[in-house]
Asks: 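Before I ask anything, here is the structure I am working with.
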Amino acid sequence: MKQQNTAGRLLAAAAVATAVSVVAGCTPAPADNAEEGEIVWAIGGPRSQPGGAHLSIAELWNEENPDTPVRVEALPEAADGAREQQALVLQAGGSEFDVLGLDVIWTGEYVENDWIVSLEDVRADLEGVTLPGPMESSSWGGELWAAPLNTNAGILYYRTDLVDEAPRTWTELCAAAESIAAEEGMDGFIGQGARYEGFVVNWLELFWSAGGDLYNSDQSEVVFDVDLATEVTEFIAESVDDGCFAPGYNTAMEEESRIAFQSGDAAFMRNWPGPYALIADDSESPANGVTGVAPLPSFTGEPGVSAIGGFNNAVSAFSERQDIAKDFVVWAATSVEVQTILAEDAVLPVHVPLYDEFADDPVMQQLGEILQDAKPRPAAPQWAEISLEMQRTLFEAANGQMSARDAAEQMRTFLEGTLNG
Ligand code: GLC
């Protein structure tokens, strides 16, 4: 509902702006509700909500740049919803947004649609101080199109008061979950099982950790193994049925998972590092002081494979303030203050020198190690469609609405179609 309302407001604002310019018979006025000189940073996720790190970053910029302030336009928390709202404005050539917070998987699509401008001219400001992985996810066709803001990797949270060490396999995790359920009356594992990009990420991490993949390394061939995909999907369905996964798994996004773990309802959680700081600050939480983080479990006993997440800031091709927007995105990537605000929120910074500052912080060190082995989702301009197809097939199958084998077969056919198209 929230998404529709905001999208509706955007459409209404665009319609009003068009009507005004038609009536006045002149070139469209700055079409948005931006104050003179203000730039609008459209970005989703929990950190754009009141009290979130994106607002603190904007405040810092505004103190230093009172004549060209930035305003955060908070897009929905779920990645798909945020992309939809940006796409609505950009498809219409709207200038409402100057800076676009881009999930790492959107770069190709935005470039192919001519929605963002090249940042090649500021590459030198970023190279060397910004982590190479996020620079890679900001690039397309050998050119730089965004300035990294933060990076991310999926991790396992566990309760050090309930288990001696982090489970390394799903079998170990489910065995522990069963005895914790019997002794403490708590749910087992919570993750992002709702129907959105988060499900896709969680499913892929399981699939990768079982040895599967979507494409070969140069993305010229589909290597999607139908048997393995069937097993992984059945594993999710069974784990929800037998109580290893919490009953709320298939409706939970990042925030619902965090709340379940932080309030002591779930013993294990897959999430991004961000919740760590919130749990550490919440002295009322049963998980406070007894939360450990570890690599995700696998099916083999090897460390599991985490997906790389994160956000990069791009400049809208329709922005009327592209120069200021460019200054802002470079500043956010390279300012020690900005990157520290993120790190203090347990959001992984992209600023290389800052990692030295956290050399004595065991959690940051561990997260850094997990990040080194983390894996990107395939860079594909049609990622949004691939993701939706995974939601249509594999999510349905994980929830008993379709056979897991049919879902896997349909997914393989779809992936093959992405190469032929
Ligand atoms: C986080 C990640 C992003 C991912 C999303 C999925 O926001 O940073 O890359 O797509 O979660 O829910």
Side-chain angles (χ1 to χ4, degrees), residues 3 42-49 52-54 72 74-87 100-110 131 133-138 146-155 157 190-208 214 249-259 269-278 296 305-314 332-333 339 342-343 345-350 367 370-371 374-380 382-388 390-391 394-395:
Q3 295 175 17
I43 185 163
R47 270 165 287 281
S48 296
Q49 299 299 320
H54 297 155
V72 174
L75 302 181
E77 288 190 28
D80 317 44
R83 181 192 149 280
E84 239 167 68
Q85 285 204 12
Q86 290 184 353
L100 304 161
L102 255 54
D103 197 327
V104 286
I105 46 182
W106 302 342
T107 316
E109 179 193 11
Y110 281 47
L131 285 174
M135 285 292 277
E136 183 64 37
S137 72
S138 297
L149 176 68
N150 74 275
T151 184
N152 229 344
I155 53 171
Y157 291 72
I190 189 78
Q192 294 75 54
R195 185 175 177 158
Y196 79 119
E197 182 66 26
F199 168 82
V200 171
V201 166
N202 279 235
W203 189 91
L204 276 176
E205 288 175 338
L206 288 166
F207 188 53
W208 287 334
L214 303 184
Y249 177 79
N250 45 26
T251 52
M253 301 199 290
E254 280 83 359
E255 278 301 273
E256 289 82 4
S257 314
R258 175 184 67 79
I259 291 163
M269 166 170 75
R270 182 273 173 214
N271 215 323
W272 309 98
Y276 190 82
L278 295 168
L296 292 169
V305 185
S306 303
I308 298 182
F311 276 83
N312 304 321
N313 281 321
Q339 293 288 311
L342 293 169
D345 225 4
V347 179
L348 298 177
V350 293
L367 295 177
I370 294 174
L371 189 61
K375 192 172 155 76
R377 284 156 276 175
Q382 66 279 59
W383 180 257
E385 283 106 69
I386 297 173
S387 168
L388 283 178
M390 291 176 80
Q391 296 171 37
L394 305 169
F395 174 85

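Computation of the quantities below employed the complete heavy-atom set of this structure, encompassing side-chain atoms and omitting hydrogens, waters and symmetry-equivalent molecules. Just so you know, ligand 1 is whichever comes first in the structure, and atom 1 is the first atom listed for that ligand.
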Asks: Could you find the nearest protein heavy atom to atom 3 (C) of ligand 1 and give me its residue, atom name and distance?
Replies: Asp103 OD2, 3.2 Å
Asks: I'd like to check which ligand 1 atoms, numbered from 1 as shown, lie under 4.0 Å from a non-hydrogen atom of Phe311.
Replies: 7 (O)
Asks: Relative to atom 12 (O) of ligand 1, which among Glu254, Arg377, Glu197 owns the nearest non-hydrogen atom?
Replies: Glu254
Asks: Assess whether atom CD of Glu136 is packed by more than 12 heavy atoms of other residues, nucleotides or ligands within 6.0 Å.
Replies: no
Asks: Do the charged groups of Arg83 and Glu197 touch, with an N to O distance under 4.0 Å?
Replies: no
Asks: If we ignore angles and hydrogens, is there a donor and acceptor under 3.5 Å between the side chains of Glu254 and Tyr196?
Replies: yes
Asks: Counting C-beta onward and ignoring hydrogens, is there a side-chain heavy-atom pair between Leu278 and Arg258 closer than 4.5 Å?
Replies: yes
Asks: Need the ligand 1 atom indices (1-based, order shown) with element for anything under 4.0 Å from a heavy-atom of Gly309.
Replies: 2 (C), 8 (O), 9 (O)
Asks: List the atom of Ser306, the atom of Ile370, and the distance in Å for their closest heavy-atom pair.
Replies: OG-CG2, 3.4 Å
Asks: Quick one: does Gly310 get within less than 4.0 Å of ligand 1, heavy atoms only?
Replies: yes
